[in-house]
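Each chain gets a letter, A, B and so on, in the order the sequences are listed, and its residues count up from 1. Only this structure's heavy atoms are used, side chains among them; waters, hydrogens and symmetry mates stay out.
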Number of protein chains: 2
Amino acid sequence: MTLQPRNGRAPSVKDVAAAAGVSLGTVSNVLNRPAVVSTATRERVERAMADLGFVRNESARQLRAGTSRALAYVMLDGGNPFFHDVAEGIETAAEDADLSLFVCNSSGRSDREAKHIDRLVQQRVQGILITPVDPDASHIVEIGQRGIPFVMVDRLSRDGGHCSVAVDDVLGGRIAVEHLIDRGHRRVAFVGGPLSVGQVRERLQGARAVWAEFGMPAEDLIHLPTEALTVSEGRSAGERLAGLPTRRRPTAAFCANDLLALGLLQHAVTAGLRVPDDLAIVGFDDIDFAAAAAVPLTSVRQPRQELGRTAARLVLDEATNPDHTHEQATFVPALVARASTGTVRR
Amino acid sequence: MTLQPRNGRAPSVKDVAAAAGVSLGTVSNVLNRPAVVSTATRERVERAMADLGFVRNESARQLRAGTSRALAYVMLDGGNPFFHDVAEGIETAAEDADLSLFVCNSSGRSDREAKHIDRLVQQRVQGILITPVDPDASHIVEIGQRGIPFVMVDRLSRDGGHCSVAVDDVLGGRIAVEHLIDRGHRRVAFVGGPLSVGQVRERLQGARAVWAEFGMPAEDLIHLPTEALTVSEGRSAGERLAGLPTRRRPTAAFCANDLLALGLLQHAVTAGLRVPDDLAIVGFDDIDFAAAAAVPLTSVRQPRQELGRTAARLVLDEATNPDHTHEQATFVPALVARASTGTVRR
DNA sequence: CACCAACCTTGAAACATTTCAATCCCGCCG
DNA sequence: CGGCGGGATTGAAATGTTTCAAGGTTGGTG
């Protein structure tokens with residue numbers, strides 16, 4: 001196929017109509033209701049489109065239609081493979097509905113998030129999925145007020161004012177720490193922060209709850225705060241952990257996510273600690289890199305892709321179903337035991 | 001700010017004009033040339049916009065303007081953090097130019113890639129950045145023919161028909177293998193595939209070239225092919241490597257990217273091999289997870305963010321500068337030596 | 001041969017915004 | 001007091017697509 005070199009403007013339906021010797025309406029019919037056009041005409045129009053290199057102008061289509069053919073996902077941290085996997089799940093669902101997916105990354109910055117949302121609203125996307133920096137920020141609340149279909153991902157709605165999809169983070173914290181208690185650990189660190197992040201708060205809450213239920217002294221569950229959920233913060237937590245006096249030093253660490261856990265693992269290995277013998281480690285999310293670590297990481301699995309697919313389903317329901325009611329989809333996290341907590345402590 | 005509940009349609013400039021008691025044109029002026037409007041009127045209009053919760057309809061703006069305010073990047077593998085870092089770099093440049101960035105992921109599938117491109121052309125994005133599955137595919141070539149500003153990322157143009165940005169992969173292969181030779185290795189595996197991927201081909205080519213230059217027998221540089229550049233393929237390559245007869249077994253492996261290297265590392269550790277003593281490993285890309293591996297990975301660094309920033313600069317130049325000439329920006333890769341190749345072999 | 005139905009095609013209106021030439025209004029100068 | 005200049009505002013046109021009622025053509029039937 002040889003395309004005409006563009007003399008200036010991209011060809012429009014009007015140009016195609018002229019080239020094929022039919023009216024605008026017919027060209028549009030070929031595009032949108034091919035069955036209604038006679039074969040001969042259709043072929044003539046199609047050839048004209050091919051010759052001219054015609055491409056639908058989506059803005060004009062959208063302007064007329066009043067709505068775009070796109071969903072958007074604003075993720076919290078593009079550097080964390082967890083969110084990529086969620087996005088994958090959303091994308092499969094979007095593909096099935098023949099919608100595009102715009103993926104944005106707030107990098108944990110509220111201002112960037114607001115800017116992205118602004119643009120998305122201007123684009124009139126059909127719905128917005130978001131893992132927010134702060135679910136109560138005004139730019140988040142306004143999405144709902146605007147009547148734009150909207151689902152919160154990896155975070156539950158407090159007031160049911162919108163759909164949300166997440167795993168039970170409290171439960172996740174419970175099973176992680178229960179697993180460590182099972183393995184014989186009696187002094188455990190919780191590595192994670194800042195506590196302004198809801199997920200961190202709830203995972204810690206679950207950890208503390210189960211710790212208390214087993215009758216362990218609260219001071220033996222040590223919180224090592226971090227400033228972010230990153231590998232390098234994990235490493236630095238490792239340093240602080242190594243600096244603790246031996247009597248207080250935990251034999252195991254539960255990290256608020258896998259990136260922290262990987263950082264901690266790296267520090268431990270560098271410092272000559274054996275994992276899991278000297279230090280057992282549990283992560284959260286079960287990203288692929290967790291299983292791929294040199295000492296494969298025990299982690300609390302979230303159904304990442306399914307989280308995404310479900311979120312997309314909900315937002316599409318809100319967009320198309322007049323009887324839509326908001327739904328909080330909660331998934332149950334599962335512990336995936338691997339070598340990093342391998343042995344039972346005597 | 002209390003938004004009016006949406007009775008149906010989103011408010012348009014017309015509604016704002018009515019509410020503020022001015023004409024359409026004035027509202028538009030407030031939006032686009034605030035200086036030209038008197039303060040009193042401007043404030044009246046701005047209040048009306050706030051009261052109504054008016055948001056510009058980007059489709060209409062774009063239709064009139066003839067062009068969108070967006071760039072797009074179609075990446076090859078969203079699961080590989082390397083591409084995320086490149087996207088970060090592009091995004092910073094896009095932000096500076098006050099453009100949105102659409103990030104798409106072809107997941108290595110040509111059909112998906114074609115579909116994404118199709119949508120992007122329909123959206124009339126200002127430019128397309130792409131790390132293609134196959135640079136010669138027809139849907140890639142057509143982008144240029146259409147006159148859409150277009151830059152190839154992480155892959156050089158053969159014929160100079162468009163801009164491109166990449167590191168010198170042949171050189172990358174050379175320095176990786178030279179490093180291993182330096183460290184005393186005399187039997188080395190190249191892990192990577194498929195060879196249809198240009199990056200793999202060129203890294204292997206560089207490896208072979210330097211191997212020959214050092215006068216090493218060709219059969220001592222063993223190619224272990226993989227079906228993809230993933231962690232699990234790296235693991236499986238590790239199995240095949242372990243299965244080689246001792247006399248032929250390499251003492252070091254150069255992997256076509258870090259994901260393979262991480263997989264190989266994991267297998268090695270599981271199999272009880274010491275890294276680097278029993279097996280030294282070099283990766284490629286220097287993603288953050290390479291440094292974060294339990295045995296930090298020696299890797300060939302690409303300036304990931306800068307690759308992205310440069311690509312964005314080039315595409316913007318093509319979009320705005322009438323005297324634009326295509327440019328092949330080549331960066332020099334650098335070896336980052338870490339523990340995975342730590343010791344000199346006796 | 002006339003008429004009808006079925007099937008195709010047409011043309012105009014509508015979508016929300018931007019642009020720009022034209023108009024309006026005001027105060028100031030002669 | 002008339003005219004002028006200049007800043008502020010207006011209104012109409014234009015962007016490309018879709019929709020839909022209305023019109024046109026064809027072939028077949030009575």
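- Taken to the nearest 0.5 Å, the CG atom of B:Asp154 stands 8.5 Å off from the CG atom of B:Leu76.
- Side-chain polar atoms of A:Asn32 and A:Arg56 form a donor-acceptor pair below 3.5 angstrom.
- Nucleic acid contact class of A:Ser59 (heavy atoms, under 4.0 Å, all strands): none.
- Legend: residues meeting ring pair (Phe, Tyr, Trp, His ring centres under 6.0 Å) with B:Phe150, ordered by chain and number and at least two apart, are B:His162.
- Remark: A:Asn57 is not in phosphate contact with D:dT17, judged by side-chain N or O atoms under 4.0 Å from OP1 or OP2.
- From A:His139, atom NE2 reaches atom OG of A:Ser110 across 4.0 Å, with rounding to the nearest 0.5 Å.
- Side-chain proximity of A:Asn32 to the nucleotides D:dT9, D:dT19, C:dT19 is greatest for D:dT19.
- In this structure, of C:dT9, C:dT17, D:dT9, it is C:dT17 that holds the atom nearest to the side chain of B:Ser12.
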Show your reasoning for whether side chain to side chain contact (heavy atoms under 4.5 Å, CB included) applies to A:Val22 and A:Val27.
CA-CA 7 Å; A:Val22 296; A:Val27 177; 3.9 Å; yes
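- The CG atom of A:Leu24 sits 9 Å away from the C1' atom of D:dG16 (whole-angstrom rounding).
- Near DNA chain D, defined here as any heavy-atom distance below 4.0 Å, there are no residues from residues 116-128 of chain B.
- Residue B:Arg64 places no side-chain atom within donor-acceptor reach of the base of C:dT17, judged by atom type and a 3.5 Å distance cut-off alone.
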Show the distances under 3.5 angstrom between N or O atoms of the protein and N or O atoms of nucleotides 20-25 of chain D.
none

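- Residue B:Arg109 qualifies as enclosed at atom CZ: its count of foreign heavy atoms under 6.0 Å is above 12.
- Side-chain N/O atoms of A:Ser38 include none lying less than 4.0 angstrom from OP1 or OP2 on C:dC8.
- Sorted by first and then second residue, the ring-ring contact (aromatic ring centres under 6.0 Å, His included) pairs involving residues 92-118 of chain A (not counting sequence neighbours) are A:Phe102-B:Phe102.
- Residues B:Leu63 and B:Arg42 both approach DNA chain D. Their nearest nucleotides, taken by heavy-atom distance, put B:Arg42 toward the 5′ side.
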Run the side chain to side chain contact (heavy atoms under 4.5 Å, CB included) check on A:Ser100 and A:Arg69 step by step: do they pass?
CA-CA 6 Å; A:Ser100 309; A:Arg69 301 195 105 336; 5.6 Å; no
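- With sequence neighbours left out, the side chain to side chain contact (heavy atoms under 4.5 Å, CB included) criterion links A:Ala48 to A:Val16, A:Ala19, A:Ala20.
- Base engagement by B:Ser28 is indicated by at least one non-hydrogen atom pair under 4.0 Å involving a base atom.
- Of all the heavy atoms in B:Ile148 and B:Val125, the pair that sits closest is CG2-O, 4.5 Å.
- Closest to the A:Ala60 side chain, of the nucleotides C:dT18, D:dG16, C:dT17, is D:dG16.
- Side-chain N/O atoms of A:Arg61 and base N/O atoms of D:dT17 include no donor-acceptor pair closer than 3.5 Å.
- Of all the residues in residues 15-23 of chain B, not one reaches under 4.0 Å from DNA chain C with any non-hydrogen atom.
- The interatomic distance linking B:Glu58 (CD) with C:dT17 (P) rounds to 10 Å, in whole Å.
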As a quick check of understanding, evaluate side chain to side chain contact (heavy atoms under 4.5 Å, CB included) for B:Ile130 and B:Glu113, giving each step before the final call.
CA-CA 9 Å; B:Ile130 187 167; B:Glu113 182 181 86; 3.9 Å; yes
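- One interatomic measurement links the two molecules: NZ of B:Lys14 to C1' of D:dT10, which rounds to 15 Å at whole-angstrom precision.
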Go through the steps to decide whether B:Thr41 and B:Asn29 satisfy the test side chain to side chain contact (heavy atoms under 4.5 Å, CB included), and finish with yes or no.
CA-CA 11 Å; B:Thr41 314; B:Asn29 281 338; over 6 Å; no
